[in-house]
Amino acid sequence: MSTRLDHRNPLVFDTHELGRRPGALQRISRSVQAPKEGLGVEGVIGVPEGAPVEIELRLESVMEGVLVTGTARASAEGECVRCLEPLRQEVEADFQEMFSYPDTDDRGRKAATGDDAEDDEDMTPLEDGMFDLEPVLRDAVVLALPMQPVCREDCAGLCAECGANLNDDPDHHHDAVDIRWAALQGLAGSLGTDEKDNMSGAEPGVDEKQEK
């Protein structure tokens, strides 16, 4: 069961001024706060709860109901997927939604249903001439936000070996050792040590014999 819309909610809009006159237009500009839990993808990027959202709407009365076309602008916050630094990005989301009139005629009788019944299921009904923009706004902002946000296009990210931020130190690097040669280098080092030990431990008189 749907709850009754509250006209005091800043994301609830009233269409009574259009008067069910096809072709009638109404333009609305409103600054609201981002609703609970914010707008976006949790843990990735989004407009924080309570952040300002600028909304511009165009309400047009048509035969089926009210066609709402609008744009929302806000600042989204998130984390760069490359360097993990916090970022802020301006987002602009466009949307359009049809809100249908109740299925009764002017005398309050139930309107006849026909082949268009399935199409009507895709429309959100008006409630007492009002509609809630939050679900539409939430979907539009999510689609407008990047799923892989970066602080800048050329972000170098983090060093895969030590995690250093490569943006702060572009010359950062680690000397790479070919694992195929590492074992040979260790073997060569051990042989050199053994040879020195053998020379230092030679029997007395060996050098004298060689001299003779």
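Sequence positions, counted from 1, serve as the residue numbers for this chain.
Among T71, T69, L57, the one residue that satisfies the side chain to side chain contact (heavy atoms under 4.5 Å, CB included) test with F95 is L57.
When all heavy atoms are compared, the tightest approach of E56 to S29 is CG-OG, 3.9 Å. Shortest non-hydrogen contact noted between C155 and C80 is SG-SG, 3.9 Å. Contact between V47 and A51 at its shortest, heavy atoms only, is CG1-CB, 3.8 Å.
Between I28 and F13 there is a side-chain heavy-atom pair separated by less than 4.5 Å.
Grouping the Ile, Leu, Val, Met, Phe, Trp and Tyr side chains by contacts below 4.5 angstrom, directly or via other members, places L84 apart from L87. There is no path of hydrophobic side-chain contacts, each under 4.5 Å, that joins V44 to L158.
With a 6.0 Å radius and a threshold of 12 heavy atoms from other residues, nucleotides or ligands, M147 has its CE atom above the threshold.
Without hydrogens or angle criteria, N167 side chain to A156 main chain gives a donor-acceptor distance under 3.5 Å. Looking only at distances, a side-chain donor or acceptor of D14 sits under 3.5 Å from a matching main-chain atom of H16. A donor-acceptor contact shorter than 3.5 Å is absent between the side chain of R4 and the backbone of E127. The backbone N or O of S75 lies less than 3.5 Å from no partner atom in the side chain of R88, so there is not a single donor-acceptor pair. With hydrogens and angles ignored, the 3.5 Å screen pairs a side-chain donor or acceptor of R138 with a backbone N or O of G38.
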